[in-house]
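See below for the structure under consideration.
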Amino acid sequence: MAEINVVPYIDVMLVLLVIFMITTPLLTQGVKINLPQASANPITTKDNQPVIISVDQYGRYYLNISATPNQPIAPEDLATRVAAQVIFDKQQHDNRPILIKGDTNVNYGKVVEAMVLLQKSGVSNVGLMTDPNQQNVG
């Protein structure tokens with residue numbers, strides 16, 4: 001009586017399982033962001049203000065917690081300042097929200113660059129600010 005030997009098939013399946021286990025985490029890399037919903041409610045803050053990175057129409061960055069929030073800040077200085085704030089907030093067990101506010105006319109690439117800077121600074125979640133008074137166009 002002839003029987004089918006299934007051991008080679010099991011070996012192949014185990015190799016495929018290992019390959020999928022290794023490649024799956026590589027597919028989920030990128031900047032984590034929380035996209036605002038059209039019907040989103042405003043964020044309520046406690047005693048501390050959120051960290052807001054503003055990108056004007058010319059692609060310049062501003063940081064609301066810097067000494068001069070109305071002056072543009074260099075990308076390297078922005079990353080350093082935010083990294084220091086993230087470390088301080090972790091030491092204080094504070095979960096301060098970090099938001100990006102982009103001008104309507106800014107190149108989308110500048111907003112993505114800001115998100116990459118924040119990711120390199122140790123920020124795990126980034127929110128995008130919208131103007132609740134503007135009408136949805138669509």
Side-chain angles (χ1 to χ4, degrees):
M1 186 157 98
E3 292 183 18
I4 297 175
N5 189 1
V6 295
V7 174
Y9 298 115
I10 293 172
D11 292 341
V12 170
M13 293 304 291
L14 288 174
V15 169
L16 288 174
L17 178 65
V18 169
I19 290 171
F20 285 124
M21 288 173 54
I22 292 172
T23 58
T24 301
L26 299 176
L27 299 175
T28 59
Q29 290 181 350
V31 178
K32 294 182 182 179
I33 58 171
N34 296 324
L35 293 176
Q37 301 292 323
S39 60
N41 294 327
I43 296 176
T44 57
T45 58
K46 300 176 226 169
D47 296 333
N48 56 357
Q49 63 181 354
V51 176
I52 300 175
I53 294 86
S54 301
V55 185
D56 69 1
Q57 64 181 351
Y58 304 109
R60 296 178 295 208
Y61 299 123
Y62 299 86
L63 184 62
N64 71 326
I65 59 170
S66 69
T68 55
N70 295 329
Q71 297 293 323
I73 186 169
E76 300 82 21
D77 296 337
L78 173 72
T80 304
R81 181 69 174 99
V82 170
Q85 187 64 47
V86 167
I87 291 170
F88 178 77
D89 288 346
K90 284 183 182 178
Q91 290 174 346
Q92 299 297 319
H93 302 291
D94 189 10
N95 193 11
R96 183 186 297 214
I98 299 180
L99 307 171
I100 295 180
K101 179 172 64 171
D103 189 86
T104 304
N105 299 320
V106 71
N107 183 343
Y108 183 67
K110 294 303 278 185
V111 175
V112 171
E113 285 178 25
M115 288 190 277
V116 170
L117 283 172
L118 292 174
Q119 183 185 32
K120 290 179 180 178
S121 299
V123 176
S124 58
N125 290 316
V126 177
L128 297 175
M129 293 180 68
T130 60
D131 186 2
N133 296 324
Q134 288 186 348
Q135 297 292 326
N136 290 339
V137 179

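Not measured: the values here are computed from a predicted model. Both backbone and side-chain heavy atoms feed into the values below; hydrogens, waters and symmetry mates do not. Sequence positions, counted from 1, serve as the residue numbers for this chain.
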Would you tabulate the side-chain donor-acceptor contacts of residues 80-88 under 3.5 Å, counting partners in other chains and residues two or more places apart, or write 'none'?
unit_1	atom_1	unit_2	atom_2	d
Thr80	OG1	Glu76	O	2.9
Arg81	NH2	Ile65	O	2.9
Gln85	NE2	Asp89	OD1	3.0

Hey, quick one: are [X] and [Y] part of the same hydrophobic cluster, counting side-chain heavy atoms closer than 4.5 Å, chains of contacts allowed?
| X | Y | answer |
| --- | --- | --- |
| Val15 | Val7 | no |
| Tyr108 | Val55 | yes |
| Ile10 | Val18 | no |
| Val6 | Leu14 | yes |

Practice problem: Measure the shortest side-chain to side-chain distance between Lys110 and Tyr58 over non-hydrogen atoms and say whether it is less than 4.5 angstrom. | Solution: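 When only atoms from C-beta onward are counted, Tyr58 and Lys110 do not touch, as no gap falls below 4.5 Å.
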Between the side chain of Asn64 and the main-chain N/O of Ile52, is any donor-acceptor distance below 3.5 Å?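 Judged by distance alone, yes, a pair lies under 3.5 Å.
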Minimum heavy-atom distance [X]-[Y], with the two atoms named:
| X | Y | answer |
| --- | --- | --- |
| Ile73 | Leu63 | CG2-N, 4.2 Å |
| Leu117 | Pro75 | CD1-CB, 3.7 Å |
| Asn125 | Val123 | O-CG1, 3.3 Å |
| Ala79 | Ser121 | O-OG, 2.9 Å |

**OP:** Decide side chain to side chain contact (heavy atoms under 4.5 Å, CB included) for Ile100 and Leu118; before the verdict, give the C-alpha distance in whole Å, the side-chain angles of both, and the deciding distance to 0.1 Å.
**Re:** CA-CA 10 Å; Ile100 295 180; Leu118 292 174; 3.7 Å; yes
How long is the straight-line distance from OG of Ser66 back to CD1 of Ile53, given to the nearest 0.5 Å?
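Ile53 CD1 to Ser66 OG: 10.5 Å, rounded to 0.5 Å.
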Using side chain to side chain donor-acceptor pair (under 3.5 Å) as the criterion, list what pairs up with Asp56, not counting sequence neighbours.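 For Asp56, the residues satisfying side chain to side chain donor-acceptor pair (under 3.5 Å) (neighbours in sequence not counted) are Arg60, Tyr62.
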